[in-house]
2 protein chains.
Amino acid sequence: MMPKTSHAAGLHRASLEKLHDLDAALELMYYGWRGMTLQADEYLAKQGLSRPHHRILYVVARRPDIAIGTLIETLGISKQALNRPLNLLLDRKLLTSRRSPEQHRSKLLRLTEAGQRIEKKASDYERKVMCEAFDRVGAPGAAAWMAVMETIADSS
Amino acid sequence: MMPKTSHAAGLHRASLEKLHDLDAALELMYYGWRGMTLQADEYLAKQGLSRPHHRILYVVARRPDIAIGTLIETLGISKQALNRPLNLLLDRKLLTSRRSPEQHRSKLLRLTEAGQRIEKKASDYERKVMCEAFDRVGAPGAAAWMAVMETIADSS
DNA sequence: CTTTTCAAGTCAACATAGTTGACATGAAAG
DNA sequence: CTTTCATGTCAACTATGTTGACTTGAAAAG
């Protein structure tokens, strides 16, 4: 008896007819994003966190003492949407907030040691995936990948 | 008076310090995905549709007469999650379903003309973005991009 | 013919990630 | 003192997904 061939969650790439020349590229973008984030998301889930938490940690790691308003702008979400994940991170002491000495209106965010550890570990999973892929194609291939992605990213 | 410099929705790319070598690649994957889907999502929103509807249309376009169970497997979502967007597409007559002649259990899905038109238009927006990016780097660059993305996609 | 199997459809409850609108607080700037 | 403005919080909503339980109806097996 056939074991029912469940491809677990989600498709097998390349199981679809290509109607157009660039269909493979569209599908690769989708699976590429999924592939890069898969292990990181699994790790984050084990920590009781998810993608938006990682996005916050990632940005704060690269901009210590960022104000909440700037973080909102940077993430491109509303303050209400930021509220819950941000408070979770503060409660879990992965982030600290303090008032600015001069600009007492703003709160400045920083990662704690624990926050740094989790941010790094989650990002490491993503970097590892990228690193292996870049190794396969060498420096010129990696540069070409970056060039393509920059064009796409700035196409908005 | 400054016009408040709202960067609209979401960040300016490249405003963050790079803590690691591959941080730029992580950010490019994020913005690349966003950039590729942005115009398509705007178009879909005008049609009262969104990404999951497009995913369904995309798959059915490339596998006419696909059964619902196969579609569920292909999309990697639960039948309950498929239910609402699928029924919307049927109601809007972008999809048709008929029972298989021999396998009368299964329902077979097909795009209507209108469904084909919308699927093509949404996918065209995405293909156009990819096409422009590939044009910039030439065939070898495009091939390198595909090679990198294949490695990443299969890294799960 | 009866029973089992199985694809499909449906209902309820829930989680997550976002939205808009309204309003409170408290420090800074006029 | 009053206005401005970053921040915080509440409520209501939408969209997209989940799991579990159950029905329906045709196919296959007895």
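All values below come from the heavy atoms of this structure, side chains included, with hydrogens, waters and symmetry mates left out. Note that this is a predicted model, so its numbers are computed, not measured. Every chain is numbered from 1 and lettered A, B, ... according to where its sequence line falls, protein lines coming before strand lines.
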Item to check | First encountered from the 5' end of DNA chain D, between Lys79(B) and Leu82(B) | outcome: Leu82(B)

Would you mind writing out the side-chain donor-acceptor pairs for residues 109-117 of chain A within the sub-3.5 Å range, not counting sequence neighbours?
from, atom 1, to, atom 2, distance (Å)
Arg110(A), NE, Asp65(A), OD1, 3.0
Arg110(A), NH2, Asp65(A), OD2, 3.0
Thr112(A), OG1, Lys93(A), O, 2.7
Thr112(A), OG1, Leu94(A), O, 3.3
Thr112(A), OG1, Ala114(A), N, 3.4
Thr112(A), OG1, Gly115(A), N, 3.1

Checklist entry - Which whole-number value in Å describes the distance from Asp91(B) CG to dG9(C) C1'? => result 14 Å

Checklist entry - Which of these nucleotides, dA8(C), dT7(D), dT19(C), is closest to any side-chain atom of Gln80(A)? => result dT19(C)

Checklist outcome for this item: Of Ser78(B) and Asn87(A), the one whose nearest nucleotide on DNA chain D sits closer to the 5' end is Asn87(A)

Give me the distances for all protein-to-nucleotides 15-17 of chain C N/O pairs that come in under 3.5 Å?
from, atom 1, to, atom 2, distance (Å)
dA17(C), OP1, Ser50(A), OG, 2.6
dA17(C), OP2, Ser50(A), OG, 3.2

Next on the checklist: If we count only N and O atoms by modelled type, under 3.5 Å, do the side chains of His54(B) and Thr37(B) hold a donor and an acceptor together?
Outcome noted: no

Next on the checklist: Without decimals, in angstroms, what is the distance between Asp41(B) CG and dA15(D) P?
Outcome noted: 14 Å

Show me the side-chain donor-acceptor pairs of residues 40-49 of chain A shorter than 3.5 Å, one per line, residues at least two apart or across chains.
from, atom 1, to, atom 2, distance (Å)
Asp41(A), OD1, Arg51(A), NE, 2.8
Asp41(A), OD1, Arg51(A), NH2, 2.8

Item to check | Value in whole Å for how far the P atom of dT14(D) lies from CD1 of Ile77(A) | outcome: 21 Å

Next on the checklist: Could you tell me how far apart Leu44(B) (CG) and dT14(D) (C1') are, to the nearest whole angstrom?
Outcome noted: 17 Å

Item to check | Arg136(B) to Phe134(B) six-membered ring, cation-pi geometry met (6.0 Å, 45°) | outcome: no

Item to check | Test item: side-chain donor near acceptor, Asp91(A) and Asn87(A), under 3.5 Å | outcome: no

Item to check | Closest contact, heavy atoms only, Lys79(B) versus Ile72(B) | outcome: CB-CD1, 3.2 Å

Next on the checklist: If I take atom CZ in residue Arg99(B) and atom P in nucleotide dA7(C), what distance separates them, rounded to the nearest angstrom?
Outcome noted: 12 Å

Item to check | Glu73(B) CD to dA8(C) C1', straight-line distance once rounded to whole Å | outcome: 14 Å

Checklist entry - CD1 of Ile72(A) versus P of dT20(C): gap in Å, rounded? => result 12 Å

Next on the checklist: Without decimals, in angstroms, what is the distance between Ile56(A) CD1 and dG18(C) C1'?
Outcome noted: 13 Å

Checklist entry - For the residue pair Trp33(A) and Tyr30(B), does the interplanar ring angle fall in the parallel (under 30°), tilted (30 to 60°) or perpendicular (over 60°) class? => result tilted

